[in-house]
Amino acid sequence: MDAKDADKLEILDVLWASDPDGERVPVRRSEAIERLRASGQDDAAALVAKIPARDDVLLEEAVNEVFLAVHLELARLSEFMHVPQRIASVLKGLVASVRERTEGRITVVDVGCGIGYDLRAIADSGRLGPDVDFMGIDFNGLLVEAARRLAKAEDVAVVFERGDALDPDLSVEDPERTIMISSGVLHHLGPREIPGFLARHDALEVAAFAHFDVNPGIWANLGAWMLHQARMREPISRHDGQMSMRRSMMSDVLLDLARQGVGASYVLECETVATWRPQPDKIVRPLQGVRA
Amino acid sequence: MSDWPLWDLDWQGWLVLALLLVSVVQYAATSGVLASMGKNGRLRHRWAELVGAVRGVVAFTVLMTPMLVIWALDSFRSAERLGVYMDAALVLAAVYVPMTLASGISFAVVHVAPWKVRSNINAMVFGTLVFLRPYVALAGMAAAAVVSRDVGVTVIGFVSVTAGLLATRLTKHWWYSRPVRLEDLGVR
């Protein structure tokens, strides 16, 4: 991540607001536009200006349509790049290590799950074994409801709940047998919030975590640009996709932030994926931690 | 119709036309799939893709039929006129068919390959092909125009290619322009 990109925003970041209780609140279009302009993102501000509003308040239905459109396209991109398979291949090892330590069912919790495509795909594949349960949480109630409907439609055993990964009151039932994961969340949290986010894992004493995010590099950036141009139809999808690439962080930076959050409580690992050649199957790589 | 010089084509001529037909149908179907992408969020969406492919072919046919008629009216005037078009068609086939072949072979491979191979093929082959397609389409037509050195071929060709490239947009406009709402998800 370039230092000047640390404060850049994705459009979806400014379209959703919640009160301290996590309940959705209206968003003023002028304020969303001003936030984007303040960070030098006039193109993004122009896209927000096109979203219908009444008395300067963005219409809830219009914002819902944007969120669903972007996340549905993201799901297809995730499928195209085989991100669920990538996640599952890493989780197999973590699940095996948890099985060695304790007995009982294991829970994989996807924080910031969106419409839950990755989690649903992993659960549906059965690759992690019959003793693994799946839960997705997201602070966005619209996306959680979308995830529930899709899981139900295809009879996929995943529980989706509304929740905030940064909420200090967040709890897990059986932390010794819980693995926290995420995909594409770390760059949203940014350097300021990642230590606190992982410190919550430490406080909860979860068995392990694996947070996947884009491994930046010239081939990843080029490939992402081409794929977004060719396959993403929504302008906001394209914008936010490119911004995700710009906000993603190198492995050594993530490891340093993780150490700030969990200290020696976890054995940390974050693969440095070679960037001199294209490796689409490693477009996302995990920041992993196994409880020491 | 029985006097059309088309019926006097040798088997190589028919092969060129057949290969071009396969290329454009493949493109049209892919356009429809792309237009339908991201509309249902499901894990299993082959039926939705198939419907999208059919709609893409329909949209492409609507776009190209007027140009096909104009082409027929011009090219069937004489064997010599058809010959000029067939020279251009050969150049188009030389440019388009390799892309279609690459796409077809890759499509077959991803159905049997491990996920890492599928991921790489998707990104590096399919992703690149879709991205380059409009440029290759226009470049192919430019090459055909240079070889034929014919105003009719050039004009009809470029208008046809441009019209064809609108297939995704037309498919999306006709069938996929309504935004997805929460109540649409999970419903057949």
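Just the heavy atoms: all of them, side chains too, but no hydrogens, waters or symmetry mates, feed the values below. A note on names: the letters A, B, ... follow the listed sequences, proteins ahead of strands, and every chain is numbered from 1.
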Problem set entry | CG (B/D8) with more than 12 external heavy atoms under 6.0 Å | yes
For this session: Can you label the angle between the B/Y135 ring and the B/F131 ring as parallel, tilted or perpendicular, going by 30° and 60°?
Result: tilted
Problem set entry | Under 4.5 Å from a heavy atom of chain B, the part of A/V156 involved | side chain
Exercise. Relative to chain A, which segment of B/T128 carries a heavy atom at a distance below 4.5 Å: side chain, backbone, both, or neither?
Worked result: both
Exercise. Is a side-chain donor-acceptor pair under 3.5 Å present for A/S248 with A/H187?
Worked result: no
For this session: Pick whichever of A/N64, A/D281, A/L74 has the most heavy-atom pairs under 4.5 Å with chain B.
Result: A/D281
Seminar exercise, completed: Given B/L182, B/L185, B/V180, B/V130, the one with more heavy-atom pairs under 4.5 angstrom with chain A than any other is B/L182
For this session: Could you check which of A/Q279, A/R148, A/E154 has the highest count of heavy-atom pairs closer than 4.5 Å to chain B?
Result: A/E154
For this session: Could you check whether the rings of B/W7 and B/W14 sit parallel, tilted or perpendicular, using 30° and 60° as the cut-offs?
Result: parallel
Exercise. Just how far is it from atom CD of A/Q229 to atom CZ of A/R238, taken to the nearest 0.5 Å?
Worked result: 5.0 Å
Exercise. In terms of heavy-atom pairs under 4.5 Å with chain A, which of B/E183, B/K116, B/R133, B/M37 leads?
Worked result: B/M37
Seminar exercise, completed: Applying a strict 4.5 Å limit to non-hydrogen atoms, the region of A/R86 in contact with chain B is both
Problem set entry | Any donor-acceptor N or O pair under 3.5 Å, side chains B/N40, B/H45 | no
For this session: Using a cut-off of under 4.5 Å on heavy-atom pairs, state which of A/E73, A/Q85, A/M232 scores highest against chain B.
Result: A/Q85
Exercise. Quick one: of B/L43, B/L132, B/T168, who has the most non-hydrogen atom pairs under 4.5 Å with chain A?
Worked result: B/L43
Problem set entry | Residue part contacting chain B, namely of A/S237, when any heavy atom lies under 4.5 Å | neither
Problem set entry | Side chain / backbone / both / neither for A/A75 at chain B, heavy atoms under 4.5 Å | neither
For this session: Check whether A/L142 gets within reach of chain B through its side chain, its backbone, both or neither, counting any heavy atom under 4.5 Å.
Result: both
For this session: Check whether the side chains of A/S244 and A/E10 place a donor and an acceptor atom closer than 3.5 Å, and report yes or no.
Result: yes
Exercise. When you measure from the centre of the six-membered ring of A/W16, is the NZ or CZ of A/R24 under 6.0 Å away and within 45° of the axis?
Worked result: yes
